[in-house]
Each structure stands twice: as structure tokens, then as C-alpha cells.
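These notes concern the structure reproduced below.
Per chain, numbering begins at 1; letters A, B, ... match sequence-line order.
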Protein chains: 2
Amino acid sequence: MIDVAAAAGVSKMTASRALRGSKDVSTESKDRVIAAAKKIGYFGNHLAASLSSARSDLVGVIVPSLTNIVFPQVMSGISDGLLGTGFQPAFGVTDYNLYREYELVGRMLSWRPAGMIITGMEQSDQTRKLLIEADIPIVQIMDTDGDAIDYVVGFSHQSAGAEMAEALFGAGRTRFGYIGCNLENDLRAKKRKQGFFDVLKRYDIAITTQLGGILSSVSEGRRLTQELLEQTPDLDCIYFSNDDVAFGGLCYCIEAGIAVPNSVALAGFNGLGLLEGFPGLIATSTTQRHDIGRASAGIITQSLQSPEQLKSRKLVMQPTINLGALQT
Amino acid sequence: MIDVAAAAGVSKMTASRALRGSKDVSTESKDRVIAAAKKIGYFGNHLAASLSSARSDLVGVIVPSLTNIVFPQVMSGISDGLLGTGFQPAFGVTDYNLYREYELVGRMLSWRPAGMIITGMEQSDQTRKLLIEADIPIVQIMDTDGDAIDYVVGFSHQSAGAEMAEALFGAGRTRFGYIGCNLENDLRAKKRKQGFFDVLKRYDIAITTQLGGILSSVSEGRRLTQELLEQTPDLDCIYFSNDDVAFGGLCYCIEAGIAVPNSVALAGFNGLGLLEGFPGLIATSTTQRHDIGRASAGIITQSLQSPEQLKSRKLVMQPTINLGALQT
DNA sequence: GTGAAAGCGCTAACAA
DNA sequence: TTGTTAGCGCTTTCAC
């Protein structure tokens, strides 16, 4: 930067101001500095800038997984929401491991990010402590069931499960099955299951359950559905932990010649594009993944620039239920 | 850090050494420092550390898209490959935009990363210049067709397309269609198409082409397949730009009662888990996304720690063709 | 094995 | 509008 300043015939400080677009610089010097910087091929050192100003333009983003397409979609929304604001996302993956989450939060905070976006409401006490003490805007996303640290953008998975149960029961289904994967780790899927079961219990309806392994996939859904339907052929409805698994179930039914949804209705969660392979055959709750990402990015930038304009600490973006062919 | 040092009764310098695990510190002081740090709840400032040592432990990773599941899978591999090495990935998305890629590279370099991993071989001259001058290990991934900047991990898309053409022709198919999405942006899909077309041209086989929009999805594949088969019902084979699109085609065929692969064979690219919905019905080239990610992370760490052990600048991980039910 | 001094490249605060 | 001074929190270097 000293070189740039020298080339432009001004002091280091004026160069710094010009490069950052401060308005307390004459147009003349500004132009000269910018020209000099371009000529020399100067690009700054965020390290030094952030150290000196005690804040960086990074926004830390923590997601549990990359293999579930839902999280990249949220990240994509965050990326879009941050574009042109001068902030940059920095993504980290926990693999649903609370200790890795703690370490990751620590590492990210040591970069002095401007804000943090973290998935879910279930952080360990240590992690919460770190986040609170960081004294930067924190947004918890994708869930609203639990204690907020600061801001929250998402929806209640418990309610989502409950509403799907009501909808399927309302459509006349009575003999229910449930298929889920990775429920030990994926606490949000577990909450949906809970909401679903609670409602049906109220109607005195029992549910046959088939649980799978860690891999929440089409292939696992296919396998589990075959097992469940061979054991319990008289089911007229199956709720799955998500759309991937549900779609696997649909593939099995199609191959086995089982009429969906007439003979057995299938319901998933998320509203993935994948479902458009067979439009309307799977009922689902469509979630606004991209918008949740955008909104959380917006909250970070707003709370940094004009916090008073933020109306609420909690933004609920409820999923919409789409019953498809079941809707009659 | 001064607080930690004081609490441990040593100097700032000894504290620094102890915290970084330097071996030139007595076990005694080391233990005291670490205990003090834990007690105070100290976690370092990477900004200051990196500025001072003129290097950070970040590895910049640049991908074109997050909505195509392939890239998160690569990122997941990178994340795994970097785990426990002390390096941390920082991801950026270009949306297939070369100017955004240039800006992103500039921004990332201004964090003085230890290395960079970037998707594809087609960077702009400006971007290449930045990367070369950064004087850190650069790994280009997912493709090998083009001029290398430094290290390369991937495979030839041109060859992959050619090999699939050979395989399908070898399986007795002669009336070919091609369906592709987003070919203007997705240069690797374009290369596969090129390789595919080149081979069939040699056999004097014409190909009916149907091109879709930017969105490479199951739904788009379904739509395009319907259009193509209604216009050209006598095709006995369709090559798709990737598995998502191919799967959409399969869904259409299944609903329309078209026998796959007997009546018409479908071929995609990637070997996505999705295909297991209907095992064996779609021919595909299975790529090692996760392994490519791991390997590229490994190259970064190796070249930083013991560059002499790196045998080659180019690691080819050729896809394997799986014809499924077509194999007979 | 430990510590003191210097400085990484920038920006905040103040002065001119 | 511009420049000067000090310092962000660490690590490097070198002396002890």
C-alpha cells in the first residue's frame, strides 16, 4: 500500500481512504490512487485490515451436512443474500457432531467474523457461551423449536409434522406407517416425527415404524419401504423423514405395481425438485430453503448497519403443505 | 494472550509457543499455559497470527454452483481431507460467472490462504495471473482438459463422453438423441457432449438434439425427453448432460409406458445415488467426487509440508462406466 | 528453555 | 482534505 501511495504521490492514509471509498478524499487524489493501485496490481490484505479495525467482513456459516441437498440450497441463499454487501460467507460443516460444531465455532470466531449463521437450536452450552460472548449478530436457522441465542429464522418442525398428520388424516387415511433415517443425528427430522406421532396418538391411531441407518437416501427409502410394506401390506399411508427417502419409497411402489396414492399415500418433507419426476404423487411440506438463507444473510447485514429497523428477533417461514393427487 | 501468560507466570512468547505446541518449551510451562488458557477461556486470534506469520491456515475453495449436488459432494471430500490437518476450507461460489470468479479469487487471496482449490480449467487470464502470482499451491479440479496452472485432479470429460458413446454403440444402439441443459455455462457438460458427438460422427451416426434452459433438473429432463420422443419416437438411445436430467427422462418413460432400456436406453453422467431409485435402468459414468475432493485437499497439505513426495502434478481419476441392464 | 524487541499491513484517532 | 502517530495481537528473530 505504501507503494501505491508513493506512486500516487499521497500518504499511506489517503491511499487507504481512497481504496476504501471514503468520501473525505478529493476526487482527484482518489482517481490517482485507484489508477496507481490498478497499475501496480495491488490488492489489499484483509488480514491486516481486519486486525486493525477489529472486525472482518466474514460471515461464518455452520451447517451439519453437505450431502443433504437442503443445506447447499440454504448456503446458496446466504451467498445470494450477501452478494454485493461487501460481506463474504465462510462455510463450515459439523457432520451433526456437537463437539466438531464447538471446535468449528471457536475457529471461526478466531477470525473475528462480522456475524454467524448456525443451523438448528441445539448447540451445546459451551458453544452457546462462545457465541454469546462473541458479541456479534448470531442467526440460528432452519428451526424455531428451542431457546434462541439471538436471531432465529426458520419454522417449527414439530408443527410441520403435526400439520402433515392432520392433512393425511383429513384426507381419510387411517392405517399409518413411518419411515425415518438418521434420527439420532438429525434432530429436526426427529421433531417432525414427534409432531406427527402426537397428533395421530390423539386420534388413537397406531403407527408402524421402520427406521433406517445414517444414510438418508433414495436407495435406503426404497429398501425400507419394501420391508415395511411386506411386513404390513395393509397400510394406506406412509410418512417419511424427508423427500429423498419418500422418493425411494415411491420408486419401490411403482416397480411393485402398488398404486400411489390410491392404494398407499406417501408423504415426505422439503418439496425437493426431485419430486417433479412424478408430479403430485408424493405429498410434501415445501420449505423455503433459499429464502431462509437470504433472510438470515439480510438479518446479519441489517443488524450491523441499522439494527433498529429489524422488527423482530424471530422470523417464521412456515412450510406449505402440498398434498398433490391426494387432494380431492 | 498476555493475560494467559500472566496467569501462567511466563512471558507472552512462551505462552505463544506453548499454545502452538512448539517443542522448545518445558513440559511444565506448557501445562501451566494450557491450563491458564482453558481457565480464562482464551481462544486465539487467527487474524493476528496470520498477519504476523504471513500465512494463514485457510484453503480457498471455489465451485461454480451449490445447487448441483456434485459440488457439495466434492466440498464434503475436501472438508474430510482437511480434517485434523489444521487447515480449514473457505468456500466460494461463482455461479458459472467468470468475472465473479475473478473477484472471488482476489478476495480470497487477500486472506493469504495457504492454498487454493478451484473448479475447472477455464479461468480467465486475469484470474490465472492472480493465482500464479500468489505463489501458493493451486489445484484445479474436476477436469483435465486444458492448461494446468499448478496441480490438477480430475478426469477428461471429453473422453468420458467418448467412452459412453463407444459403450452405447457397442451395446447395439444406433438411433441416438442428446438432451442437455445449461451447456453455455457448464463447460464440462459441453466437453462430454463434444466427445460423445465426435465418436458417433466417426460411425456416421446422426444425433437428434434437444437443449434445455439453465436449470439442470429432473423436471427439465422429464419435459425435454417428452418433447424429444414425441418428435422423434424411433430413437433407441438418449445421452443426457447428467444424471438429474437423465432421471427425469426415465420418469417420463416409466409413466408413458416406454420400456427402458429395451425400447430406449438412457445414459447420464455422475453415478448419483438418485439412480438407485430404479437400479440399473440408467447407464452412467460414475465419478469419484468425494475422492477428488479428498485428493485435492491432500495435495495442498502435502505440497505445503513435503512437496518432494508429490509424484505428479496431474492426478487422473477416470470415471467408470456402468451400463446396468443394458449390459447383456 | 525463555524472553525482549521489532514488526507484519493496515486503520482509528487526532492534528493540521 | 490530508497527514501523523499509535497500535491491533500475534510471531519472528536473536540474545540470553
### Message
Rounded to the nearest 0.5 Å, what separates atom CD1 in Ile138(A) from atom CZ in Arg128(A)?
### Response
10.5 Å

### Query
So what is the end-to-end bend of the helix from dG1(C)-dC16(D) to dA16(C)-dT1(D), with 5 pairs used at each end and the value given to 10 degrees?
30°

### Task
Give, for atom CD1 of Ile292(B) and atom OG1 of Thr119(B), the distance between the pair rounded to the nearest 0.5 Å.
10.0 Å

### Task
Under the side-chain hydrogen bond (donor to acceptor under 3.5 Å, both in side chains) rule, what do Asp145(B) and Ser156(B) come out as? Steps first, then yes or no, please.
CA-CA 6 Å; Asp145(B) 300 328; Ser156(B) 164; 2.9 Å; yes

### Phe87(B) side, atom CZ; Gln305(B) side, atom CD - distance, nearest 0.5 Å
5.5 Å

#### Entry: Under-4.0 Å side-chain N/O to phosphate OP1/OP2 contact, Thr14(A) with dG3(D)
yes

### Query
In whole angstrom, what separates Leu51(B)'s CG from dC8(D)'s P?
13 Å

### Query
Starting at CE of Met13(B) and ending at C1' of dT2(C), how long is that distance when rounded to a whole Å?
10 Å

#### Entry: Value in whole Å for how far the P atom of dG9(C) lies from CG of Leu109(B)
16 Å

Show me the donor-acceptor pairs within less than 3.5 Å that the side chains of residues 70-82 of chain A make with the rest of the protein, sequence neighbours left out.
{"unit_1": "Gln73(A)", "atom_1": "OE1", "unit_2": "Arg289(A)", "atom_2": "NE", "d": "2.8"}
{"unit_1": "Gln73(A)", "atom_1": "OE1", "unit_2": "Arg289(A)", "atom_2": "NH2", "d": "2.9"}
{"unit_1": "Asp80(A)", "atom_1": "OD2", "unit_2": "His290(A)", "atom_2": "NE2", "d": "2.9"}

### Distance test, side-chain N/O of Ser52(B) to OP1/OP2 of dG9(D), below 4.0 Å
no

### Query
How many angstroms lie between CD1 in Ile117(B) and OG in Ser296(B), if you round to the nearest 0.5 Å?
3.5 Å

### Integer-rounded Å distance: dT2(D) C1' and Leu19(A) CG
16 Å

### Task
Heavy atoms only: give me the nearest Met142(A)-His157(A) pair and the separation to one decimal.
O-NE2, 2.6 Å

### Summary
Sorted by number, residues from residues 20-42 of chain B placing a heavy atom under 4.0 Å from DNA chain C are Asp24(B), Val25(B), Ser26(B), Ser29(B)

### Query
Taking atom C1' of dA15(C) as reference, at what distance in whole Å does atom CZ of Arg17(A) sit?
11 Å

### Task
For Arg112(A), report the nucleic acid contact type (base, sugar-phosphate, nothing); a contact means any heavy atom under 4.0 Å.
nothing

### Query
For Lys12(A) and dC10(C), what is the distance between atoms NZ and C1' respectively, to the nearest whole Å?
7 Å

### Task
Could you check how far CD1 of Ile2(B) sits from C1' of dA5(C), rounded to whole Å?
14 Å

### Query
How is Ala49(B) classified with respect to the nucleic acid when contacts are heavy atoms under 4.0 Å: base, sugar-phosphate, or nothing?
sugar-phosphate

### NZ/NE/NH1/NH2 to OD/OE distance under 4.0 Å, Asp24(B) and Arg17(B)
no

#### Entry: Interatomic distance, Met1(B) CE vs dT2(C) C1' [rounded to whole Å]
13 Å

#### Entry: Lys191(B)/Glu122(B) ion pair, N-O < 4.0 Å
yes

#### Entry: Phosphate OP1/OP2 of dA12(C) contacted by Arg55(A) side-chain N/O (<4.0 Å)
yes

### Query
Taking OP1 and OP2 of dT2(C), is either one under 4.0 Å from a side-chain nitrogen or oxygen of Ser11(B)?
no

